[in-house]
Amino acid sequence: MSTSVSPSANKTYGVAPVCRIWKLSRATLYRQRVRARATRPATPKRPGPQGAASDADLVAAIRKVLANSPFHGEGYRKIWARLRLAGLRTAKRRVLRLCRENGLLAPHRQGPARGPRAHDGTITTKRIDEMWGTDLTATATVRDGQVAVFIAVDHCSAECVGIHAAKRADRFEALEPVRQGVRENFGGFEAGVVKGLKLRHDHGSQYMADDFQNEIEWLGLESSPSFVRAPEGNGCAERFIRTLKENLLWVQTFATVEELRQALLDFKRRYNTEWLIERHGFKPPAAVRAEQLTPMALAA
């Protein structure tokens, strides 16, 4: 009635006059409207073509991808990429919707509100071996107790260039993943062998020690400490540590430091060849390095 047009005024009557004449509370009217809408189907049928598979088949394919993936904590974008690699093409938003509806999204923490950034937010590089990031975390073993895990990653390809575990978390152990990366990617050790390469690290005592700084300077590495109380400045190393925890340190138990060390080296090989990097078109780190080294080899 409220939407009917008055023949004399040529305007709709409106809700307020109709409720006043009928002696009906407007709150009751609005409440009844909400109840009527609640009885309608919660999820209307999506317009357009259905796609390559029904929702049920696509959910089954997503569950299969998650079950077969060698990693934990992969988001919907990487699920979408792995579906494409398997020959099943669909939209990212559809994968997101189905993952959300079926509780398949990777859990994540909602941190506190961030303050103003201490830097411009750009820490990745365009080329490999322009900047490496290094950091440490801790885990526990059955016989040896708490041990330190040191890592080093490339800021372009996100490749793990070195990884190491030790009972003592001192400056000499912190150098080991850097030494691994230099030996593997530059062929050996000599003065200035990696000249032009920067090393991002925090202000931990291991990294600010004279022995650590003197050795990386001898190798040709330029020290690039992150801002104080700004862990995002070393975000590439921090992100790799999160992946390492979710896929190894938090899901497996190790008896000794040596057992953990061997597992870390195996994880490094698996990560570099199978972990997908979104900003590189969902390619693994090893493929990014190979693509960038091929033009250099041809030019030489």
Side-chain angles (χ1 to χ4, degrees), residues 71 122-137 148-166 171-202 206-207 211-226 233-244 247-248 261-300:
F71 303 103
T122 303
I123 60 174
T124 58
T125 60
K126 298 294 185 183
R127 303 291 304 178
I128 58 172
D129 298 334
E130 288 186 0
M131 178 179 286
W132 290 354
T134 186
D135 204 351
L136 71 93
T137 187
V149 177
F150 298 89
I151 62 95
V153 298
D154 186 272
H155 274 223
C156 171
S157 63
E159 172 189 10
C160 177
V161 297
I163 196 165
H164 178 62
R171 57 202 182 280
F172 303 110
E173 304 293 350
L175 281 165
E176 179 57 26
V178 179
R179 291 169 179 158
Q180 291 178 14
V182 172
R183 181 170 56 247
E184 183 174 342
N185 296 299
F186 293 89
F189 306 101
E190 62 180 63
V193 66
V194 293
K195 188 173 180 61
L197 174 60
K198 296 181 179 180
L199 183 65
R200 177 62 54 86
H201 56 80
D202 59 23
Q206 301 90 341
Y207 302 112
D211 290 309
F212 185 92
Q213 292 291 324
N214 290 338
E215 178 156 346
I216 65 173
E217 182 181 0
W218 179 79
L219 289 170
L221 280 160
E222 178 184 345
S223 177
S224 176
S226 59
N234 198 19
C236 293
E238 296 281 1
R239 182 61 182 87
F240 175 79
I241 287 178
R242 171 185 163 184
T243 302
L244 177 64
N247 292 275
L248 184 68
R261 187 180 298 119
Q262 295 302 319
L264 290 172
L265 294 175
D266 180 67
F267 178 82
K268 171 190 170 184
R269 290 188 290 268
R270 185 158 45 95
Y271 168 88
N272 287 339
T273 56
E274 297 184 42
W275 183 258
L276 303 180
I277 307 300
E278 181 181 2
R279 68 174 183 270
H280 290 296
F282 295 99
K283 297 176 183 177
V288 178
R289 174 173 286 274
E291 287 182 357
Q292 294 198 12
L293 287 180
T294 300
M296 297 180 186
L298 293 176

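Remember, predicted model here, so these are calculated numbers, not experimental data. Each residue takes its place number in the sequence, starting with 1.
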A.B. asks: So that I can tick it off, tell me whether R171 and E215 are bridged by a salt bridge, with the cut-off set at under 4.0 angstrom between side-chain N and carboxylate O.
C.D. replies: no
A.B. asks: What heavy-atom pair brings T125 and C156 nearest, and what distance separates the two atoms?
C.D. replies: OG1-CB, 3.2 Å
A.B. asks: Flag the pair D129 / V194 as yes when at least one side-chain heavy-atom distance between them is below 4.5 Å, and no otherwise.
C.D. replies: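 Answer no - side chains too far apart.
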A.B. asks: Kindly give the heavy-atom pair with the smallest separation between I151 and T134, and that separation in Å.
C.D. replies: O-OG1, 2.7 Å
A.B. asks: Under the side-chain contact (heavy atoms from CB on, under 4.5 Å) rule, what do I128 and L293 come out as? Steps first, then yes or no, please.
C.D. replies: CA-CA 9 Å; I128 58 172; L293 287 180; 3.9 Å; yes
A.B. asks: Is any side-chain heavy atom of E176 less than 4.5 Å from a side-chain heavy atom of Q180?
C.D. replies: yes
A.B. asks: Determine whether the side chains of N185 and R289 contain a donor N or O and an acceptor N or O closer than 3.5 Å.
C.D. replies: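 Yes, side-chain donor-acceptor contact under 3.5 Å.
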A.B. asks: So, the side chain of R200 versus the backbone of N234: is there a donor-acceptor pair under 3.5 Å, distance only?
C.D. replies: no
A.B. asks: Using a 3.5 Å distance criterion without hydrogens, assess whether the side chain of H280 forms a donor-acceptor pair with backbone atoms of P285.
C.D. replies: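 It does not hold such a pair.
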A.B. asks: Mark yes when over 12 heavy atoms from residues, nucleotides or ligands other than E278 sit less than 6.0 Å from its CD; otherwise mark no.
C.D. replies: yes
A.B. asks: How long is the gap from CD on E159 to OG1 on T273, to the nearest 0.5 Å?
C.D. replies: 10.5 Å
A.B. asks: Main chain of Y207, side chain of Q213: is a donor-acceptor contact present, judged purely on distance under 3.5 Å?
C.D. replies: yes
A.B. asks: Give the C-alpha distance, both sets of side-chain angles, the deciding distance and a yes or no for side-chain contact (heavy atoms from CB on, under 4.5 Å) between H201 and S223.
C.D. replies: CA-CA 8 Å; H201 56 80; S223 177; 2.8 Å; yes
A.B. asks: Would you please test K268 and E184 for salt bridge (charged side-chain N to carboxylate O under 4.0 Å, His left out) and show each step?
C.D. replies: CA-CA 13 Å; K268 171 190 170 184; E184 183 174 342; 3.0 Å; yes
A.B. asks: A side-chain contact here means heavy atoms from C-beta on lying under 4.5 Å apart; do I163 and Y271 qualify?
C.D. replies: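 No, too far: nothing below the 4.5 Å cut-off.
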A.B. asks: How long is the span from the CD1 atom in I241 to the CG atom in L136, to the nearest 0.5 Å?
C.D. replies: 7.0 Å
A.B. asks: Apply side-chain contact (heavy atoms from CB on, under 4.5 Å) to F172 and list each qualifying residue two or more places apart in sequence or on a separate chain.
C.D. replies: D170, D211
A.B. asks: Does the side chain of S157 reach to within under 4.5 Å of the side chain of K283, using non-hydrogen atoms?
C.D. replies: no
A.B. asks: Considering all heavy atoms of both residues, which atom of A174 and which atom of P177 are nearest to each other, and what is their separation?
C.D. replies: O-CD, 3.4 Å
A.B. asks: Applying salt bridge (charged side-chain N to carboxylate O under 4.0 Å, His left out), can you list everything that pairs with E173, at least two apart in sequence or on another chain?
C.D. replies: none
A.B. asks: Name all residues meeting the side-chain hydrogen bond (donor to acceptor under 3.5 Å, both in side chains) criterion together with K198; count only those two or more places apart in sequence or in a different chain, and write none if there are none.
C.D. replies: none
A.B. asks: If every non-hydrogen atom of W132 is compared with every non-hydrogen atom of D154, which pair is closest and at what distance?
C.D. replies: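 So the minimum-distance heavy-atom pair works out to NE1-OD2, 3.2 Å.
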A.B. asks: Is R279 close to T124 at the side-chain level, that is, under 4.5 Å between some pair of heavy atoms?
C.D. replies: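 SC-SC contact between T124 and R279 confirmed.
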A.B. asks: Taking the side chain as every heavy atom from C-beta outward, state whether L197 and L219 have any pair of such atoms under 4.5 Å apart.
C.D. replies: no
A.B. asks: Is it true that a side-chain atom of S224 and a backbone atom of L199 form a donor plus acceptor pair closer than 3.5 Å?
C.D. replies: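 Answer holds: no.
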A.B. asks: Check whether R127 reaches the backbone of Q292 with its side chain - one donor and one acceptor, N or O, closer than 3.5 Å.
C.D. replies: yes
A.B. asks: Can you list the residues that meet the salt bridge (charged side-chain N to carboxylate O under 4.0 Å, His left out) rule with E130, with sequence neighbours excluded?
C.D. replies: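 Scan of E130 (salt bridge (charged side-chain N to carboxylate O under 4.0 Å, His left out), adjacent residues dropped) gives none.
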A.B. asks: Who passes side-chain hydrogen bond (donor to acceptor under 3.5 Å, both in side chains) against N272, sequence neighbours left out?
C.D. replies: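 Checked N272 against side-chain hydrogen bond (donor to acceptor under 3.5 Å, both in side chains); zero matches.
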A.B. asks: Would you say the side chain of F71 lies within less than 4.5 Å of the side chain of F267, judging by non-hydrogen atoms?
C.D. replies: yes
A.B. asks: Within a strict 4.5 Å, meaning less than it, do heavy atoms of the I277 and V288 side chains meet?
C.D. replies: no
A.B. asks: Please identify each residue that fulfils salt bridge (charged side-chain N to carboxylate O under 4.0 Å, His left out) with R239, with sequence neighbours left out.
C.D. replies: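 Result, salt bridge (charged side-chain N to carboxylate O under 4.0 Å, His left out) vs R239: none returned.
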